[in-house]
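Take a look at the structure below.
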Amino acid sequence: MQRIEELLTGTVIKGAAQRWQADISREQVQLQKTKKDFEGDLTLVVFPLMRHARKSPEETARELGTWLESELSEVSSFNVIKGFLNIVISTAYWQQVIAHVAEEKNYGLTEPGPGAPLMMVEYSSPNTNKPLHLGHIRNNLLGYSISRILEANGNKVIKVNLVNDRGIHICKSMLAWQKYGNGETPESSRKKGDKLVGDYYVKFDQEYKKQVRELTEGGMDRKKAEETAPLIREAREMLLKWEADDPEVRHLWETMNGWVYDGFDTTYQRMGVSFDKMYYESETYKLGRELVREGLKKGVLEQEEDGSVWADLTDRKLDRKLLLRSDGTSVYMTQDIGTAHQRFSEYPIEEHIYVVGNEQNYHFQVLAHVLDKLGFEWYDKLYHLSYGMVELPEGKMKSREGTVVDADDLMDEMIRTARQMSDELGKLEGYGEEEKQVIYRQIGMGALKYFILKVDPKKNMLFDPKESIDFNGNTGPFIQYTYARIRSVLRSAGEYDSVIPRVDLNEKETDVIRLVHDFPVTVGTAAREHNPSVIANFMYDLAKEFNQFYHDHSILSAEDPDIRLFRIHLSRIIGDIIERGMGLLGIEVPERM
RNA sequence: GGUUCCGUAGCUCAGCUGGAUAGAGCAACAGCCUUCUAAGCUGUAGGUCGAAGGUUCGAAUCCUUCCGGAAUCACCA
């Protein structure tokens, strides 16, 4: 089925050629949705065509309107206001849209075929010392959602997670546990593993600061004190032992990481995110060194007298970037070069998306340039899905100052609020406790996820813990509620004929169908722009529009049986789209709420 | 200081590949449940789109400068 926009554009081009002997491009045909206050479905802006028509805007518009009306049965009428040609699309066309949607299995989505392009999405990438907080929630939800959106556009997607499980910071929590832990385990203290390890990381910091303070009070300067405090020296020793494969250190490391992974898994599961492949920095941190050395040989990188290796990007308006330290060890960038190379060798990757905060914009810019310098032609297949910080009213979240919003706590609170609201409204009276739990979780998580995903990723966003996340208005539960009402209607409808009758459409019905018609385009836009908020905002518009229809017109008690049947089908279709669209955001929809 | 991003209603956000009178939600106020779930619907009020120039028939949208905020520019990860 050809979309009406295509049809109109083609016909306008044909008309321009026939009537004015003008060769106009598709870009010059500016079609947009008609504003609510005017009559029509689509509006053609004729200003760009005036120099071809050599007539006034009004005359140009009228001429094209007449032409379109005569050429296309889909155009039922038109009106002209200034340079705007408002086109009214026929009921038959909208009917056809509905028939088409009903036939298609997963309307709006494109299944990945056998030759589907492969996309790799790296997200989450946690640090094993730090329990997940609200910032990570944004990362995880974005990563998961963009994966779903890419899949919905016919791509094969591999979701990967690169865990930061090594380095001096890990040794800090290990050391603190050895010194102050008294053998505490997640079992013994009934604490989540990631929280337990995180607590020792904090403990290290406290004790270390104490030592530094004692040293400075004894007359040592601050920098020296920070360098020579016993704890930091021990941590460094431990790192050396770790790198030397010391069995005792390695054993402790594995044990504590195991606790953390158990904790993370629980949180991931609650968030509803998953990965196809895990990478660990302890296994990848040596990658990239060889590539850098080769680059040095090829002469695209340079070496200082002290042995350190650099990429000179000053000709590309960037700085020089260190790739190997003077002692030959690598930095973060080196590892990223290595892992990217490894992945591109292993898979035929069409696009590699890194879901990482905007604090690393510079890093990824440099990464692409260095890869280009090294001669990897796939350097431009990296895409940094950069997102802004989640800020609190008092500013940025800082783990050390305890101003973080913990992921688990927040999820608990959302679900608790969902329960409280539901109980107050008495919505789920008579349901079993287990069934209720599922719904509370769906609603609480829906509110949280929608809250995060409706915002353009690149923007910083504000979260005020004092004002809990809303459940009314432009929210996840609003959309879920619309779905639940549709399901409720369909349950009451019982058996109904599968053939959709052709009936006249009222205004609200047409409004809703127009949005149905836009759904596939929206899914495409979200993928192209790597932006789930496009879907979120569309879902809101759709739910809003349907609610108006629902309010103004009765579905089941429509007098005309054909209209009744049509509205049942229309509702079912909207419900399906809501379910599918929310699925792209990782949000479940409840049958009732 | 250099680079990048952001600045739209009291608050949180849409709109930004230029198009008609700048839209939602929250909060405030006023209404709508004997009728498919009121977590809904309707209305009122709320805006010099950070500021000034420029390009254009037309600028919240593009360009320049300035102001405000954020991030980043480590032999940290």
Side-chain angles (χ1 to χ4, degrees), chain A residues 27 30 32 34-38 43 45-48 50 57 81-84 86 127 164 166-170 281 285 304 306-310 317-319 321-333 335 357-363 365-366 386 388-389 391 393 395-396 418 421-422 424-427 443 447 451 454-456 458-464 467 469-482 484-493 533-534 536-537 540-541 543-544 546-558 564 567-568 571 592-593:
Chain A
E27 288 70 44
Q30 279 188 42
Q32 53 193 240
T34 303
K35 300 235 171 194
K36 282 255 168 179
D37 335 322
F38 300 98
T43 295
V45 185
V46 301
F47 294 107
M50 276 165 58
I81 295 168
K82 293 193 279 183
F84 300 93
N86 299 323
N127 176 323
N164 180 347
R166 64 163 287 279
I168 185 77
H169 51 290
I170 310 293
E281 289 196 4
Y285 78 106
E304 295 270 296
D306 63 4
S308 57
V309 180
W310 298 74
K317 287 185 155 185
L318 296 166
D319 276 327
K321 177 72 196 174
L322 177 87
L323 297 176
L324 287 178
R325 297 191 187 101
S326 47
D327 63 5
T329 56
S330 36
V331 293
Y332 207 40
M333 185 64 72
Q335 175 187 268
N358 62 9
E359 67 229 344
Q360 297 204 30
N361 284 354
Y362 183 73
H363 174 86
Q365 213 185 332
V366 169
S386 163
M389 303 280 130
E391 285 164 346
K396 210 187 153 183
M421 279 200 75
S422 184
E424 272 170 26
L425 294 167
K427 292 282 189 176
I443 297 171
F451 176 79
K454 77 168 175 191
V455 181
D456 186 335
K458 73 169 183 283
K459 290 194 176 180
N460 286 359
M461 61 182 292
L462 188 97
F463 173 76
D464 190 346
E467 298 173 28
I469 293 174
D470 257 304
F471 285 69
N472 298 317
N474 186 354
T475 66
F478 171 90
I479 299 164
Q480 290 173 318
Y481 178 69
T482 307
R485 285 213 298 202
I486 289 173
R487 299 307 297 174
S488 172
V489 169
L490 293 178
R491 278 193 298 274
S492 311
S533 78
V534 170
N537 288 307
Y540 175 68
D541 290 341
K544 181 96 188 149
F546 181 82
N547 281 339
Q548 287 173 18
F549 161 71
Y550 179 93
H551 179 264
D552 292 355
H553 304 284
S554 178
I555 298 163
L556 296 177
S557 36
R564 179 180 186 274
R567 288 182 182 166
I568 290 173
S571 304
R592 55 199 97 214
M593 67 183 271

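Both backbone and side-chain heavy atoms feed into the values below; hydrogens, waters and symmetry mates do not. To find a chain, count down the sequence lines: A is the first, B the second, and so on, and within it residues start at 1.
If you take CD of A:Glu391 and C1' of B:C6, they are 10 Å apart, rounded to a whole angstrom. At whole-Å resolution of the value, NE2 in A:His551 and P in B:G40 are 12 Å apart. Residue A:Arg487 contributes atom CZ, which lies 20 Å from atom P of B:G40 at whole-angstrom precision. For the pair A:Asn358 CG and B:G69 C1', the computed distance is 13 Å after rounding to whole Å. Atom CZ in A:Phe84 sits roughly 15 Å away from atom P in B:C57 (whole-Å rounding). Distance A:Ile479 CD1 to B:G25 P: 13 Å, rounded to the nearest Å. Note: CD (A:Gln365) to P (B:C73) measures 12 Å, nearest angstrom.
The side chain of A:Asn547 contributes an N or O atom lying less than 4.0 Å from OP1 or OP2 of B:C41. Taking side-chain N and O atoms only, A:Ser488 has no distance below 4.0 Å to OP1 or OP2 of B:C36. Phosphate proximity of B:A38 to A:Arg485: present, with a side-chain N or O under 4.0 Å from OP1 or OP2. OP1 and OP2 of B:C36 both lie 4.0 Å or more from every side-chain N or O belonging to A:Arg564.
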Any protein N or O atoms within reach of nucleotides 26-30 of chain B? Criterion: under 3.5 Å, listing atom names and distances.
none

Do any N or O atoms of the protein come closer than 3.5 Å to N or O atoms of nucleotides 14-18 of chain B, and which pairs are they?
{"unit_1": "B:A14", "atom_1": "OP1", "unit_2": "A:Asp456", "atom_2": "N", "d": "2.6"}
{"unit_1": "B:A14", "atom_1": "OP2", "unit_2": "A:Lys459", "atom_2": "NZ", "d": "3.0"}

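A ring-centre distance under 6.0 Å is not found for A:Phe478 and A:Tyr481.
Stems are defined here as 3 or more consecutive Watson-Crick or G-U wobble pairs with pairing distances under 3.5 Å; those involving RNA chain B are B:1-7 with B:67-73, B:10-13 with B:23-26, B:28-32 with B:40-44, B:50-54 with B:62-66.
Taking atom C1' in both B:C57 and B:C41, one finds a spacing of 41 Å when rounded to whole Å. For the P atoms, the distance from B:U64 to B:U55 is 15 Å, rounded to whole Å. For the P atom pair drawn from B:A9 and B:C13, the interatomic distance equals 12 Å after rounding to whole Å. Taking the P atom of each, B:G53 and B:U72 are spaced 36 Å apart, rounded to whole Å. Nucleotides B:C6 and B:G50 have their C1' atoms positioned 11 Å apart, rounded to a whole Å. For the P atoms, the distance from B:A45 to B:C62 is 31 Å, rounded to whole Å. B:C33 and B:G15 have their P atoms separated by 37 Å, given to the nearest Å.
Residue A:Tyr362 is classed as a sugar-phosphate contact, given heavy-atom separations below 4.0 Å to backbone atoms only. Within the 4.0 angstrom heavy-atom criterion, no nucleotide atom of any strand lies near A:Ser557. Across all strands, A:Leu324 comes closer than 4.0 Å to no nucleic acid atom at all (heavy-atom distances).
The side chain of A:Leu462 approaches B:C13 more closely than any other nucleotide in the set B:A77, B:C13, B:C36.
Of the two residues near RNA chain B, A:Pro48 and A:Tyr550, the one whose nearest nucleotide lies more 5' is A:Pro48. Of the two residues near RNA chain B, A:Gln548 and A:Ala484, the one whose nearest nucleotide lies more 5' is A:Ala484.
Applying the 5.5 angstrom centroid cut-off and the 30 degree plane-angle cut-off, the aromatic ring of A:Phe38 is stacked upon the base of B:A20. Here A:Tyr481 does not lie in a stacked arrangement on the base of B:G40, lacking the combination of planes under 30° and ring centres under 5.5 Å apart.
A donor-acceptor contact under 3.5 angstrom links the side chains of A:Asn86 and A:Thr43, judged on distance only.
For the pair A:Ser422 (side chain) and A:Ala418 (backbone), a donor-acceptor distance under 3.5 Å is absent.
A:Lys458 and A:Asp456 are joined by a salt bridge, as a carboxylate oxygen and a charged side-chain nitrogen come within less than 4.0 angstrom of each other.
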